[in-house]
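Note sheet for the following structure.
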Amino acid sequence: MHLAYPAVLAALLFCVGLYGVLARRNAILVLMSVELMLNAVNLNLVAFDVWLRDALHAGQALTLFTIAIAAAEIGIGLAIVLMVYRNRGSSDVDRLRDTAEAPSDDEKAEAAA
């Protein structure tokens, strides 16, 4: 097996995922793009493990660890996105910058003094 084929495919997958993280505004699409980038890394780990003929299969072990971490990340991330959507009515990433509560009138008066 040539190492160039999976390496090029992984690079393309990573670039598509990076574009998705940088260009998307929907939080769920950003999470999907992060998963795509993690899958590109997993593809590289397995390809290099096969190419190097590692007796311990460290690349495959790291891939399983990465898959477990990605599953936990997507579960927690999706829970956070759903809670934000319930509270704000939108999962737009640009609107999430204003997550702090508005200051009360007493706090405004103290800040002005």
Exercise. What heavy-atom pair brings A27 and V81 nearest, and what distance separates the two atoms?
Worked result: CB-CG2, 3.7 Å
Exercise. Is L22 reachable from F14 through a run of hydrophobic residues whose side-chain heavy atoms are each under 4.5 Å from the next?
Worked result: yes
Exercise. Do Y5 and L43 share a hydrophobic cluster, counting only Ile, Leu, Val, Met, Phe, Trp and Tyr and linking them when any side-chain heavy atoms are less than 4.5 Å apart?
Worked result: no
Exercise. Which atom names give the shortest non-hydrogen contact between A40 and L13, and what distance separates them?
Worked result: CB-CB, 3.8 Å
For this session: Determine the sole option in I74, L29, V21 for which the side chain to side chain contact (heavy atoms under 4.5 Å, CB included) test with V34 is passed.
Result: V21
Exercise. Got a second to check how far L38's CG is from L45's CG, nearest 0.5 Å?
Worked result: 10.5 Å
For this session: Nearest 0.5 Å please: distance from the CG atom of N44 over to the CG atom of L62.
Result: 12.5 Å
Problem set entry | Nearest heavy-atom neighbours spanning D54 and A58 | OD2-N, 3.1 Å
Exercise. Which distance, rounded to the nearest 0.5 Å, do you find between the CD of Q60 and the OG1 of T66?
Worked result: 12.5 Å
Exercise. Is a donor on one side and an acceptor on the other found under 3.5 Å between the side chain of N39 and the backbone of E35?
Worked result: yes
For this session: Identify the residue among N26, V30, L82 that makes a side chain to side chain contact (heavy atoms under 4.5 Å, CB included) with S91.
Result: N26
Problem set entry | Spacing of CG belonging to D49 relative to OG1 belonging to T63, to within rounding of 0.5 Å | 7.5 Å
For this session: Report yes if the side chains of V93 and R24 come closer than 4.5 Å at any heavy-atom pair, otherwise no.
Result: no
